[in-house]
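What you see is a predicted model; the values in this text were computed from it and never measured.
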Amino acid sequence: MSDHPAIRLRDLTKVYAGGKRALDRITLDIPAGALFGLLGPNGAGKSTLINILAGLVTKTSGTAEVWGFDIDQHPRNAKASIGVVPQELLFDAFFTPFETLELQAGLYGVPKHRRRTMALLEAVHLADKAHAYARTLSGGMKRRLLIAKAMVHAPPILILDEPTAGVDIELRQNLWTLVRGLHARGTTIVLTTHYLEEAEELCERIAIVNHGRLVANAPTRALLAMAREKRVDVTLASDTPGLPALDGIARVERLGPRHFAITYDKQALSAGALLGRLTAAGHEVVDVTTREADLEDVFLDLVRRVPA
Ligand code: ADP
Ligand code: MG
């Protein structure tokens, strides 16, 4: 494994002509070998980030390294280190999948004896369509062909921009199996999605962007742990400077002289047990409201913390 991250961003910023700030000082390392999810609602800046790495969009400021290569200083090496599957299904309808891959290999200067066109088509389950016209392919097949196309130069990093947008559930599962297979064979995978469950099911680590800013970057498990938290807001009978530390309580926030928001691990503690402990510690609880968080809430909560 390499000693540099697969992708290293420092204060990456993009302001489009017209003034739209699509990326705002993104600092992020994507580890080599990761299966990484870049999650965010539509318009968050995901494609802009990917397109800067792919050399399709020029950044305004900050730095980006791909596989240790700075995109300004070593653009060719940086470009050779990634394969990008674009969000849009752009195709030349007159080429067969076989021809499409051969052409792409030519563009990347892959010598004939190093090409693996049929092996790639097999990997994406398109061997039987090798010589069919691209326009006769279904949406899912086109997406798979684009994955193969992004892999012709055997890059260590594969980036998929919204790979399952417009792909039906069944094909989605096939695609995920394919992506997992590529990852298992050592490819670093980065995928963008606005589907929480997709990132959750597929990715080991998730970064969340919103309004061009990074709002979270954590192992999926840690984000899920946040979703296992439950919050109760309690009102006590009298003013209290603080609450005692109790097992199972993650955080206590003082909302007012006698109002507290208590966040606890709902697997460790029930609301009843929590209130029982407060009472045992000498606090009389006069009112309680509870709120359940799921991953959707965590996501929305993180996203809301960043104003537009
Ligand atoms: P995402 O992929 O997360 O949906 P994008 O990177 O496509 O987000 O877009 C981020 C923001 O930048 C959006 O507000 C979008 O409208 C804007 N944007 C994208 N491309 C351009 C462009 N070529 N010119 C101006 N604004 C753009
Ligand atoms: Mg996009």
Side-chain angles (χ1 to χ4, degrees), residues 9 24-31 34-46 191-308:
L9 311 177
D24 192 2
R25 286 167 291 134
I26 298 271
T27 289
L28 174 68
D29 282 349
I30 298 180
L35 208 175
F36 194 95
L38 191 62
L39 179 67
N42 281 323
K46 305 180 297 294
L191 69 90
T192 80
T193 180
H194 62 274
Y195 296 116
L196 188 63
E197 66 275 20
E198 181 159 87
E200 184 184 333
E201 172 160 348
L202 212 52
C203 302
E204 301 156 340
R205 196 176 176 91
I206 297 175
I208 302 178
V209 284
N210 193 38
H211 300 305
R213 292 185 212 161
L214 190 72
V215 295
N217 172 21
T220 307
R221 245 181 300 123
L223 286 174
L224 284 168
M226 288 171 77
R228 278 198 299 271
E229 289 179 344
K230 191 164 175 170
R231 179 174 139 163
V232 290
D233 291 356
V234 298
T235 306
L236 305 176
S238 54
D239 293 3
T240 307
L243 290 178
L246 294 172
D247 277 352
I249 291 184
R251 282 186 302 286
V252 176
E253 190 189 344
R254 193 162 185 255
L255 304 173
R258 59 180 74 180
H259 289 103
F260 293 87
I262 304 172
T263 304
Y264 64 98
D265 182 345
K266 66 189 181 199
Q267 291 180 327
L269 211 58
S270 70
L274 174 69
L275 296 178
R277 288 186 194 181
L278 288 176
T279 307
H283 299 288
E284 191 189 337
V285 178
V286 294
D287 194 25
V288 182
T289 55
T290 66
R291 206 174 71 84
E292 194 98 18
D294 58 17
L295 196 50
E296 192 79 38
D297 285 333
V298 173
F299 176 52
L300 290 174
D301 187 39
L302 288 164
V303 156
R304 273 194 215 105
R305 276 181 215 170
V306 179

query = Can you check side-chain contact (heavy atoms from CB on, under 4.5 Å) on Leu9 and Thr27, steps first, answer last?
reply = CA-CA 5 Å; Leu9 311 177; Thr27 289; 6.0 Å; no
inquiry  = What verdict does the side-chain contact (heavy atoms from CB on, under 4.5 Å) test give for Leu236 and Leu243, after you've listed the backbone C-alpha separation in whole Å, the side-chain angles of each residue and the deciding distance to 0.1 Å?
reply    = CA-CA 11 Å; Leu236 305 176; Leu243 290 178; 3.9 Å; yes
Chi angles and distances behind the side-chain contact (heavy atoms from CB on, under 4.5 Å) call for Ile30, Leu28 = CA-CA 7 Å; Ile30 298 180; Leu28 174 68; 4.2 Å; yes
Cut-off 3.5 Å, no hydrogens considered: what does the side-chain donor-acceptor table look like for residues 248-262, sequence neighbours left out?
{"unit_1": "Arg251", "atom_1": "NH2", "unit_2": "Glu229", "atom_2": "OE1", "d": "3.0"}
{"unit_1": "Arg254", "atom_1": "NE", "unit_2": "Thr240", "atom_2": "O", "d": "2.9"}
{"unit_1": "Arg254", "atom_1": "NE", "unit_2": "Pro241", "atom_2": "O", "d": "3.4"}
{"unit_1": "Arg254", "atom_1": "NH2", "unit_2": "Thr240", "atom_2": "O", "d": "2.9"}
{"unit_1": "Arg254", "atom_1": "NH2", "unit_2": "Pro257", "atom_2": "O", "d": "3.3"}
{"unit_1": "Arg258", "atom_1": "NE", "unit_2": "Asp239", "atom_2": "OD1", "d": "3.1"}
{"unit_1": "Arg258", "atom_1": "NH1", "unit_2": "Ala237", "atom_2": "O", "d": "3.1"}
{"unit_1": "Arg258", "atom_1": "NH2", "unit_2": "Asp239", "atom_2": "OD1", "d": "3.2"}
{"unit_1": "His259", "atom_1": "NE2", "unit_2": "Thr235", "atom_2": "OG1", "d": "3.4"}

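Side-chain atoms of Lys46 never come within 3.5 Å of backbone atoms of Leu39 as a donor-acceptor pair (strictly under, hydrogens ignored). Proximity of a side-chain donor or acceptor of Thr220 to a complementary backbone N or O of Glu204 within less than 3.5 Å is detected.
Arg205 has its side chain within reach of Pro219: a pair of non-hydrogen atoms, C-beta onward, lies under 4.5 Å apart. Using a 4.5 Å heavy-atom threshold, the side chains of Leu38 and Leu191 count as separate. Side-chain atoms of Tyr264 and Val232, non-hydrogen and from C-beta on, do get closer than 4.5 Å to each other. The shortest side-chain heavy-atom distance between Phe36 and Asn217 falls under the 4.5 Å cut-off.
Residue pairs meeting the side-chain hydrogen bond (donor to acceptor under 3.5 Å, both in side chains) criterion with at least one member in residues 271-284, sequence neighbours excluded, do not occur.
Listed here is the closest heavy atom pair of Ala44 and Val209: CB-O, 3.5 Å.
If you run side chain to side chain contact (heavy atoms under 4.5 Å, CB included) between Val234 and each of Leu275, Asp287, Thr289, only Leu275 comes through.
When the shell of 6.0 Å around CZ of Arg25 is examined, it contains 12 or fewer heavy atoms from other residues, nucleotides or ligands.
Summarising the geometry, atom CG belonging to Leu214 is positioned 5.0 Å from atom CD1 belonging to Ile26; distances are rounded to the nearest 0.5 Å. Between the CD1 atom in Ile206 and the CD atom in Glu200 there is a gap of 7.0 Å [rounded to 0.5 Å].
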